[in-house]
Amino acid sequence: MRVALCQIPVSSTPAVNAERVTDALASAADQGADLAVFPEATQIRFGSDLRAAAEPLDGPFCAGLAAAAKDSGVALVAGVFEPAPDGRVYNTAVAYDGAGELVTSYRKLHLFDAFGQRESRHVAPGSAPVVCTLAGVRTGLQICYDVRFGELSLTLAAAGAQLIVLPAAWAAGLFKEDHWVTLVRARAIENTVWVAAAGQVPDPGEPPTRAATGVGRSMLVDPLGVVRLDLGPAAGIATAEVDLGLVETVRASVPSLANHRADVFGPPPPVLEG
């Protein structure tokens with residue numbers, strides 16, 4: 001399969017972001033992509049009124065994502081916000097196939113209450129890991145801060161994921177970019193999977209904010225930890241091949257999943273199937 005990383009700036013206006021998704025999908029299709037990965041919070045940038053912007057998954061923003069996927073024939077994963085029952089929102093990754101059908105959704109498990117931020121003030125946590133099939137590939141979903149929690153990646157790989165998709169809006173800060181690169185590569189190496197991580201970049205048309213607007217550095221990393229794509233700090237779309245045969249080749253040499261001591265550490269928790 002071919003995966004496109006769509007490193008777009010995210011506006012405080014959802015309609016602008018919907019147009020950017022449509023344009024990026026057209027570019028991804030021209031590059032032969034089967035799956036396009038967009039950032040966390042593709043719907044609206046952090047620092048905006050998330051509750052006002054939040055919609056159910058059959059709302060207009062997601063309907064636009066579905067239409068864009070259908071028109072381009074490219075499956076996609078993108079970040080949106082759903083209303084939560086307690087007055088907060090869910091930070092959600094939605095996955096559509098190339099026919100525009102909703103395959104699954106994943107609500108962020110680990111909220112970014114770190115580095116002086118408190119995502120949990122506005123966002124409610126999800127409750128379950130999610131694995132689905134996208135463009136014929138067994139795929140696990142994560143969002144941004146989730147990458148710091150290795151047990152989630154292990155759970156997805158143990159459930160059969162060959163690819164982990166990771167939308168993000170990684171916050172800038174001292175050593176933060178180094179953390180991002182190290183963690184994304186580590187999750188690929190530990191679990192002998194491909195990782196497709198797509199981040200935001202700041203929108204030059206928006207005023208500065210303390211909220212996370214992303215550092216870029218979208219990456220495609222193979223099961224040996226080799227970085228196949230790195231988009232750096234600027235907006236762009238790039239596509240590369242995901243060789244699933246490499247997963248089996250690497251696992252034959254480095255059977256870390258097979259050698260996992262579930263008898264000591266316990267089995268991975270169940271996942272929701274998309």
Side-chain angles (χ1 to χ4, degrees), residues 1-5 34-37 40 75 77 93 95 97 103-111 125-168 170 178-199 217-230 240-274:
M1 75 179 306
R2 289 183 61 80
V3 172
L5 302 180
D34 302 295
L35 169 66
V37 185
E40 177 186 22
V77 175
D97 64 20
V103 175
T104 195
S105 62
Y106 161 71
R107 293 169 174 169
K108 189 177 184 181
L109 288 172
H110 302 98
L111 302 182
S127 59
V130 173
V131 173
C132 66
T133 299
L134 280 175
V137 176
R138 185 82 164 160
T139 302
L141 302 180
Q142 297 186 14
I143 300 173
C144 202
Y145 190 52
D146 282 333
V147 77
R148 290 187 180 271
F149 300 88
E151 63 271 26
L152 176 55
S153 297
L154 173 61
T155 296
L156 300 175
Q162 298 172 292
L163 169 69
I164 292 174
V165 167
L166 177 62
W170 199 257
D178 289 337
H179 289 189
W180 167 255
V181 172
T182 301
L183 287 162
V184 172
R185 294 187 66 202
R187 298 295 88 92
I189 294 166
E190 290 168 341
N191 299 290
T192 55
V193 294
W194 288 85
V195 177
R217 296 304 298 272
S218 299
M219 295 191 296
L220 180 66
V221 182
D222 77 18
L224 283 170
V226 177
V227 178
R228 301 297 188 95
L229 289 175
D230 184 334
E241 192 74 24
V242 169
D243 178 4
L244 298 177
L246 184 60
V247 175
E248 301 309 316
T249 299
V250 172
R251 289 180 180 177
S253 299
V254 190
S256 53
L257 291 178
N259 293 340
H260 176 69
R261 289 292 304 274
D263 59 318
V264 175
F265 298 104
V271 303
L272 293 179
E273 296 283 341

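Closest approach of R185 to G225, counting heavy atoms only: NE-O, 2.7 Å. Between C132 and G274, the closest heavy-atom pair is CB-CA, 3.8 Å. Residues A198 and S218 share a closest heavy-atom pair of CA-OG, 3.4 Å. The minimum heavy-atom distance linking P269 with T155 is given by the pair CD-OG1, 3.3 Å. Minimum interatomic distance between D243 and G245 (heavy atoms only, all atoms of both residues): OD1-N, 2.9 Å. In terms of heavy atoms, A135 sits closest to M1 at CB-CE, 3.6 Å.
Looking only at side-chain heavy atoms (C-beta outward), R251 and V193 come within less than 4.5 Å of each other. Inter-residue side-chain proximity for P129 and L152 is flagged as met; some heavy-atom pair is nearer than 4.5 Å. The shortest distance between side-chain heavy atoms of D146 and Y106 falls below 4.5 Å. Proximity of V77 to L134: side-chain heavy atoms (C-beta onward) are separated by under 4.5 Å at one or more points. Contact check for W194 versus L246: side-chain heavy atoms found under the 4.5 Å cut-off.
If you run side-chain contact (heavy atoms from CB on, under 4.5 Å) between S256 and each of N191, T192, I189, L154, only T192 comes through. If you run side-chain contact (heavy atoms from CB on, under 4.5 Å) between L229 and each of L220, V221, V3, only L220 comes through.
Atom CG of L141 is separated from atom NZ of K108 by 14.0 Å, given to the nearest 0.5 angstrom. How far CG of D222 is from CG of L163: 12.0 Å, rounded to the nearest 0.5 Å. Here CZ of F265 is found 7.0 Å from NE2 of H260. Values are rounded to the nearest 0.5 Å. Summarising the geometry, atom CG belonging to L109 is positioned 9.5 Å from atom CD belonging to E151; distances are rounded to the nearest 0.5 Å. Rounding to the nearest 0.5 Å gives a distance of 11.0 Å between CZ of R107 and CD1 of I143. Here L244 contributes atom CG and R138 contributes atom CZ; the two are 13.0 Å apart, rounded to the nearest 0.5 Å.
Within the 3.5 Å criterion, the main-chain N or O of T139 finds no donor-acceptor partner in the side chain of Q162. The backbone N or O of A197 sits nowhere less than 3.5 Å from a side-chain atom of R217 that would complete a donor-acceptor pair. Distance alone, capped at 3.5 Å, is enough to place a donor-acceptor pair between the D34 side chain and the R2 backbone. The backbone N or O of M219 lies less than 3.5 Å from no partner atom in the side chain of D230, so there is not a single donor-acceptor pair.
Ring planes of W170 and W180: tilted class, angle from 30 to 60°.
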